[in-house]
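Lettering follows sequence order; numbering is per chain, from 1.
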Amino acid sequence: MTELRELYQQVILDHNRKPRNFRVLEDANRTADGYNPLCGDQIKLYLTVEDGVIKDAAFQGKGCAISKASASMMTAGVIGKRVDEAQALFQRVHAMLTSDGDTAGAGVGKLAVFAGVREFPSRIKCAVLPWHTLRAALSGAAEPVSTE
Amino acid sequence: MSTITRSSRAPGATAWDVERIRQDFPALHQEVHGKPLVYLDNAATTQKPRAVIDALSAYYTRDNANIHRGVHVLSERATDAYESARRRIQRHLNAASPREIVFVRQATEAINLVAASFGRTVVGAGDEIVISAIEHHANIVPWQMLCEEKGARLKVVPVDDRGDLIVDEYARLLGPRTRLVAITQVSNALGTITPIEEIIRLAHRENIPVLVDGAQAAPHQAVDVRALDCDFFVFSGHKTYGPTGIGVLYGKETWLERIPPYQGGGDMIKMVTFEKTIYNDLPYKFEAGTPHIAGAIGLATALDYLDGLGLDRVADWEHELLEYGTELLQAVPGVRLIGTARRKAAVLSFVLDGIHPHDVGTILDHEGVAVRAGHHCAMPVMDRFGVPATVRASLGLYNTPAELETLAMAVRTAREIIGG
């Protein structure tokens, strides 16, 4: 039960129930689709990037609590960041979710609430799906992203 | 945490000594996350009885050799064991001859074999293949691939809101261009038992052959291919308490004679020169390369085990469990069962209001309950019922009423943690 409470922290549950930036961004100039065929998580990410800065970010989709909260907190976290800062944040979040090192989780701010996901190997891909979709949107990938 | 009082309808009246039967399955006796394992993912794969595990071990310990080749004793023993496994399966299905029993990797390969060999010979541009809306991807994609290659069309029998096939619509889809009907006997995602006898009768009235996907039927009920009069029947060993990597294609001899080999290689030939190859007799024509000898022996052992228990009694026990599980889950606030067919096998597919099935699956796992959360390789079924995924508890002959109570309790826990 303790591990489960680590995974489903109040912050995550709150973002699941009331996801931030959960809308279509009409004037987005970067979009990408993420899809997790195993569990059916789907996300469409919208970004407005101007002068190398993410001015706005939003998402739509269906998914589990982990992927929805991850997308919600990610969009909130990258608005106002430069593209290279967002890329660096992707690397740090990815390391936190996938590596065993003690340093994992450093420099990710509020996103540290996702550290507990590491204990649930089958759920890691739910948490990273929005982040892979972000990277695809920033690099202009045409194919939908999959974390399978 | 809430407790559930065993209702008066809880199974137990049947003479089914489930605790003794559970002793036959070593994998059931373990803890996960500190809780006793409650294995409810039987539609994905079943656990194996000790007899099957021992048969595999005995084969590799004593008899291992290649078949149909060596003149030495081990090869003769391996060949005998493999061929007697084939006859065992023939008896189980009540097929007319062992020539009609082809060993394959699993139901998926059996369907692909028919799609390739039958499809190559019989299906042309403008022809039609009829499937249903509740098929597993394994009984959709091979036909789609065939249709694409041949310029043929796929016709899909719709289902109603309970998950029952609409037979009138099915009858209307059958026409002069229909070359094959390929339909499941039991839906893996919903548990629907289809009216397969009627499906076959209506197709045969138009001289259309029928392939029955029996992957989910074979573990739960006796199958008689001659009584059904189906043209092809496929099932997987691993869902029938046997090993992975072995499955069966039954085909009427007339069809198997008529259609070409699936794969080329050793064992499927009588004579090879660079000018011409003469194919082997049935069923070897369809068994290129060294087969899964141990798997075939293990599957025959699993069928011995099942017949020893009696598949009719298995079906009765599972039906009692299904009714009890349905009652328990319906009592949990926010649960909606997906698939409420009139005739149903022991599958409880459901969604929990406001909570994604994947989250439910994780929480259930932490309570020791193994279920599948996802689309169950049946994405069109999920679309039909307007859900991205479901939680699926699929029952087997060794499950108990107490395990269903644990399931229902764990679903309540999921509601508490995520808060629907």
Could you give the distance from [atom1] ([X]) to [atom2] ([Y]), rounded to the nearest 0.5 Å?
X: B/Ile363; Y: A/Leu7; atom1: CD1; atom2: CG; answer: 8.0 Å
X: A/Leu4; Y: B/Glu367; atom1: CG; atom2: CD; answer: 7.0 Å
X: B/His358; Y: A/Lys125; atom1: NE2; atom2: NZ; answer: 5.0 Å

Neighbour count >12 (heavy atoms, 6.0 Å) for atom CD, B/Glu148: no
Take a 6.0 Å sphere around CG of A/Asp84 and say whether it holds more than 12 heavy atoms from other residues, nucleotides or ligands. yes
Taking C-beta and beyond as the side chain, do [X] and [Y] meet within less than 4.5 Å on heavy atoms?
X: B/Asp365; Y: A/Phe120; value: no
X: A/Arg123; Y: B/Asp359; value: yes
X: A/Asn16; Y: B/His356; value: no

Under 4.5 Å from any heavy atom of chain A, what part of B/Met382 do you find: side chain, backbone, both or neither? neither
